[in-house]
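Lettering of chains follows the sequences in order, A, B, ..., and the numbering in each one begins at 1. Scope of the values below: all heavy atoms of this structure, side chains included, with no hydrogens, waters or symmetry mates.
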2 protein chains.
Amino acid sequence: MTSKDQSRKASRRGSGRPTIADVAKLAGVAAITVSRALRDPSLVSAELRAEIDTAVVQLGYAPDPNARALASSRADVIGVLVPSLTNIVFADTVRGIYDELGDGPLQIQMGNTHYSPREEERLMRMFLSQRPSALIVSGIDQTETTRKLLESADCPIVQIMEYGDDPVDMLVGFSHFDGGKAATNHLIEAGYRRIGFIGARMDPRSQRRLAGYRSALETAQLFDPKLVTTTLTPSRVSLGAPLLADALAKVADLDAVFCNNDDLAMGVLFECQRAGIAVPHSMAICGFNDLDMMHVAYPSLTSVRTPRYEIGRRSVQMVLDRLAGRPIESPIVDLGFELQVRESTAR
Amino acid sequence: MTSKDQSRKASRRGSGRPTIADVAKLAGVAAITVSRALRDPSLVSAELRAEIDTAVVQLGYAPDPNARALASSRADVIGVLVPSLTNIVFADTVRGIYDELGDGPLQIQMGNTHYSPREEERLMRMFLSQRPSALIVSGIDQTETTRKLLESADCPIVQIMEYGDDPVDMLVGFSHFDGGKAATNHLIEAGYRRIGFIGARMDPRSQRRLAGYRSALETAQLFDPKLVTTTLTPSRVSLGAPLLADALAKVADLDAVFCNNDDLAMGVLFECQRAGIAVPHSMAICGFNDLDMMHVAYPSLTSVRTPRYEIGRRSVQMVLDRLAGRPIESPIVDLGFELQVRESTAR
DNA sequence: TTGTAGGCGTTATCAT
DNA sequence: ATGATAACGCCTACAA
């Protein structure tokens, strides 16, 4: 084949779909003009824009995100790292993220760390290798290596679900310590004296709630290590019964429990019903997160309402603001929590 | 700049990360050899493989998925379309998908259709534009357009969560009609006569459960349209109380309810407790899905256990089999369901 | 505002 | 088994 040979090679590899070149040809412009018209119409004159739009529609053209990412070394992807997909807390947060993104150009690349810092590190490397537009990661307890990876990443990063004063970049969440403390103080004020803590999984956020619980009890000189009953097992409603049994075995005069989360609280309530323990008279129950079922349970269950959906939305807003070059009000956002006092803690 | 100019251009655009060319240079081979060694080591001699592996480790090389996708017109991505991220049913399924994929090369691109066929169609187009390695979609009720898109897609496709005899490609799930029928027959056999149906959201799967319920009651000559109480509102535990109230207002002698799902069943239970309606004596309750909380509730709640996690795993297995060219046992897999009879339906 | 030239990192094709 | 070359589809840099 000579160098002047202009004939088409017989074999092509293409996808068969129309490319930007096809659109350009049909519209009678250069490819780059089509590219610009699609990314920022204001860069192209109205006439050409119209012709290009027509051609796009006519051919059913859709840009190839891979080619785009390769050429611009920037993927229209936000990496999202959560410890669990089934935990409703994170499911709600992820829903907030999706909702706020709407049908914009940004895609989500989700990673499930399974509460493992090592897995988080692995996923982080994998995500970073795609040069994402932004990263949203759960928690503030990354490994040193992960933290360094994040610090050297040149994209907006939002840590979510917790409150802290030293984020890698931005942060939106609330204080689990304060949440645990507020719940416990409420139980103390309601007149309970032997207040237990029941917790499962005991991830960093649970640990902070426990610390808040302990702080409140210590201040009231009510703390006793025997009051704390935890397991590393993942939380489930059905874990409430055995954990309550353990707690009662250690502290016979237990009169209240602050549960790690609402699932356990619900399990404790059922076990109390089954064992004939009067709630809230003989036993107060307080949960955490305030799922929908808490206010309809019988008796209704006190819980700490957490802004998980809002955290998802807000994290995306912060990302979009940064990507658009808009000023950020504050890189650290505390969305707070709200104690919902109900029948289960009203002696 | 002359054509012979070999000097480096001042401005480079690269990502700064090592490329396959860097590895090739260090290993003293051609880039394509590195490419082959990485994708299928058996294509390269042991010696070169060793040298290449060394170079890869030394440079910390990781292939660029975008470049790979562009060159091969095939992304290492599985598109997953679900109607909801927070509905535990789909969350469990998605977890199964992630678990089965493990840390293999395939990524997941998740789409949330919000139970909207139009949104499903939009997402489908978007996904298809990335030339995914496979597609996993919920349900069998796609729009005609969506179905055509799927049929012309040249990748494995698995429809999940339902049973049907006419999948686009492959299918794994169970029959919601049969599930609803089995639950209702159980209530009939347990001696209940005024058996209501309570349902929220009423998506296609709920409709099929309702159809199964109706079929069972009609066979027993027990059907009465007044027994059916539904709403299009998304399901929540707190919807159980008002729906039960509606049902009782229409049918004063209602003695059992088959709920659309476990959330509603739980809400109904709480409402019965609150209203002093004895379960199961005056009112039987049966749910659907058999979430963990059902067997610990007081009284424990009868439900239909559904294999949602297993559906997720199996769908991925089918995809991987197909991608690897392994034979598929059957393109249609019925994973069944299992009625869990408990206190709430034992008069 | 529009266009030209070339590169982004990888793999398909064809040759050896 | 290995390599040279040319895509893949788009975008950045620079020029006009």
Quickly work out the [X] [atom1] to [N] [atom2] distance and round it to whole Å.
X	N	atom1	atom2	result
B/Glu51	D/dT2	CD	P	11 Å
B/Gln130	D/dG9	CD	C1'	14 Å
B/Asp76	C/dG9	CG	P	18 Å
B/Leu70	D/dC10	CG	C1'	8 Å
A/Asp22	D/dC8	CG	C1'	13 Å
A/Asp40	C/dT1	CG	P	10 Å
A/Arg68	D/dG9	CZ	C1'	11 Å
A/Ile52	C/dG3	CD1	P	8 Å

Side-chain N or O of [X] less than 4.0 angstrom from OP1 or OP2 on [N]?
X	N	value
A/Thr33	C/dT2	no
B/Ser45	D/dA1	no
B/Arg74	C/dA12	no
B/Ser73	D/dC8	no

Practice problem: Go through the N and O atoms of the side chain of A/Arg17 and the base of D/dG9, and report whether any donor-acceptor pair is under 3.5 Å. | Solution: no
Nearest to the side chain of [X] - [options]?
X	options	answer
B/Arg39	C/dT2, C/dA12, C/dT10	C/dA12
B/Ser35	C/dT2, D/dG9, C/dT11	C/dT11
A/Ala71	C/dA12, C/dC8, C/dT2	C/dC8
B/Ile32	C/dA12, C/dT2, C/dT10	C/dA12

Does B/Leu171 reach the side chain of B/Val158, with side-chain heavy atoms less than 4.5 Å apart? no
**Asked** Is there a side-chain contact between A/Gln159 and A/Ser138, using heavy atoms and a 4.5 Å cut-off?
**Response** no
side-chain contact (heavy atoms from CB on, under 4.5 Å) with B/Thr146: of B/Arg118, B/Glu121, B/Arg122, only one passes, and it is B/Glu121
Quiz item: Does the side chain of B/Arg39 pick up a donor-acceptor pair with the side chain of B/Ser35 at under 3.5 Å?
Solution: yes
- Query: When we call it a touch if two heavy atoms are under 4.0 Å apart, what does A/Ala67 touch: a base, just sugar-phosphate, or nothing?
  - Reply: base
Next on the checklist: Using a 4.0 Å heavy-atom cut-off, does A/Arg36 contact any base of the nucleic acid, only the sugar-phosphate backbone, or nothing at all?
Outcome noted: base
Evaluate whether atom CD of B/Glu329 has more than 12 neighbouring non-hydrogen atoms of other residues, nucleotides or ligands under 6.0 angstrom away. no
